[in-house]
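Each remark here refers to the structure printed beneath this line.
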Amino acid sequence: MSMMADMMKSMPMGTTGMQMPMMQDCIEACSAASMAATMCADADGGEGMGRCASMCMNTADVATAMMRMMMRPTGYDMGVMTSMMTACMTMGEACAAECSMHAEMSEHCRICASACTAMVAACKAAMASMQTA
């Protein structure tokens with residue numbers, strides 16, 4: 001079992017309104033997207049792709065904020081979490097679209113687009129579990 005799963009089991013989760021497996025998947029997807037987007041932005045900068053680099057940096061910031069919010073379940077607020085997840089999905093979709101335009105010539109953009117798409121899917125699943133939990 002992962003450290004995160006162990007930690008989440010120790011947290012008072014009764015008031016979060018989210019299912020723990022969905023939270024864990026979303027946290028992990030946000031972390032992966034943040035790392036991929038940070039590295040993609042760095043590579044983009046070296047290749048003169050300013051718009052893509054900026055989009056990736058913004059995505060990394062939003063994904064990190066989303067991940068950190070989910071790691072603090074005792075501060076859960078349904079309205080805030082829903083708004084943040086929506087923003088995270090919107091940013092992830094925009095970054096995936098931008099990176100997809102460069103994916104054939106830049107492997108880092110292909111990887112980033114894939115990580116962003118996975119993050120969007122995990123956020124959608126977590127959001128759906130919030131509504132049913």
Side-chain angles (χ1 to χ4, degrees):
M1 183 171 286
S2 75
M3 178 279 306
M4 184 173 42
D6 289 342
M7 193 63 151
M8 289 178 80
K9 283 186 176 186
S10 76
M11 301 291 288
M13 302 292 284
T15 61
T16 65
M18 278 189 276
Q19 297 171 8
M20 189 173 68
M22 297 299 179
M23 285 179 68
Q24 183 173 348
D25 290 347
C26 190
I27 290 168
E28 289 173 353
C30 286
S31 177
S34 178
M35 289 185 281
T38 297
M39 295 173 80
C40 189
D42 185 61
D44 289 341
E47 294 172 351
M49 295 192 303
R51 176 172 166 70
C52 192
S54 182
M55 187 76 67
C56 288
M57 288 185 286
N58 289 338
T59 298
D61 289 344
V62 171
T64 298
M66 180 78 259
M67 175 186 65
R68 291 176 58 94
M69 285 177 68
M70 292 187 79
M71 290 189 303
R72 296 187 289 260
T74 57
Y76 178 86
D77 177 274
M78 176 69 106
V80 173
M81 192 63 73
T82 300
S83 295
M84 189 62 190
M85 280 203 174
T86 299
C88 191
M89 290 184 293
T90 301
M91 193 72 242
E93 288 168 349
C95 188
E98 179 68 27
C99 282
S100 290
M101 291 191 291
H102 312 120
E104 287 186 25
M105 65 180 179
S106 296
E107 180 69 2
H108 56 83
C109 283
R110 185 196 64 74
I111 294 167
C112 185
S114 178
C116 287
T117 300
M119 176 183 70
V120 170
C123 283
K124 283 181 182 176
M127 198 171 204
S129 81
M130 285 171 27
Q131 297 164 353
T132 61

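A salt bridge (Lys or Arg N to Asp or Glu O under 4.0 Å) check over residues 106-121, counting only residues at least two apart or in different chains, returns the pairs Glu107-Arg110. Every pair passing salt bridge (Lys or Arg N to Asp or Glu O under 4.0 Å) that includes a residue from residues 29-54 is listed here, sequence neighbours excluded: Arg51-Glu98.
The 12-atom threshold is not exceeded at CE of Met39, counting heavy atoms of other residues, nucleotides or ligands nearer than 6.0 Å.
Met57 places none of its side-chain heavy atoms less than 4.5 Å from the side chain of Thr38. In this structure the side chain of Cys56 reaches within 4.5 angstrom of the side chain of Cys99, judged on heavy atoms. Counting heavy atoms from C-beta outward, Cys123 and Met119 have side chains that approach closer than 4.5 Å. Side-chain contact between Met70 and Met81: present, with at least one pair of heavy atoms (C-beta onward) separated by less than 4.5 Å.
The same ILVMFWY cluster, assembled from side-chain heavy atoms under 4.5 Å apart, contains both Met127 and Met67.
Across all non-hydrogen atoms, the minimal contact from His108 to Cys40 is ND1-SG, 3.3 Å. Here the closest non-hydrogen pair linking Ala96 and Thr117 is CB-OG1, 3.7 Å. The two residues Cys112 and Cys95 make their nearest non-hydrogen contact at SG-SG, 4.0 Å.
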message: Between Cys109 and Ser100, does the side-chain contact (heavy atoms from CB on, under 4.5 Å) criterion hold? Intermediate values first, please.
response: CA-CA 7 Å; Cys109 283; Ser100 290; over 6 Å; no
query: Checking side-chain contact (heavy atoms from CB on, under 4.5 Å) for the pair Met66/Ile27: CA distance, chi angles, key distance, verdict?
result: CA-CA 8 Å; Met66 180 78 259; Ile27 290 168; over 6 Å; no
query: Passes side-chain contact (heavy atoms from CB on, under 4.5 Å), Cys26 versus Met85? Steps please.
result: CA-CA 10 Å; Cys26 190; Met85 280 203 174; 4.1 Å; yes
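To the nearest 0.5 angstrom, Cys88 atom SG is 10.0 Å from Met69 atom CE. Taken from CZ in Arg68 to CE in Met84, the straight-line distance is 11.5 Å, to the nearest 0.5 Å. Remark: Thr86 OG1 to Lys124 NZ distance equals 10.5 Å, nearest 0.5 Å.
The hydrophobic cluster containing Met105, built from Ile/Leu/Val/Met/Phe/Trp/Tyr side-chain heavy atoms closer than 4.5 Å, also comprises Met49. Hydrophobic cluster of Ile111: no remaining members, since no ILVMFWY side chain lies below 4.5 Å from it.
No side-chain donor-acceptor contact under 3.5 Å links Ser34 to the backbone of Cys30. Looking only at distances, no side-chain donor or acceptor of Ser31 sits under 3.5 Å from a matching main-chain atom of Glu28.
Contacts of Glu93 classified as side chain to side chain donor-acceptor pair (under 3.5 Å), with partners at least two apart in sequence or in another chain: none. With sequence neighbours excluded, the residues satisfying side chain to side chain contact (heavy atoms under 4.5 Å, CB included) with Asn58 are Ser54, Met91.
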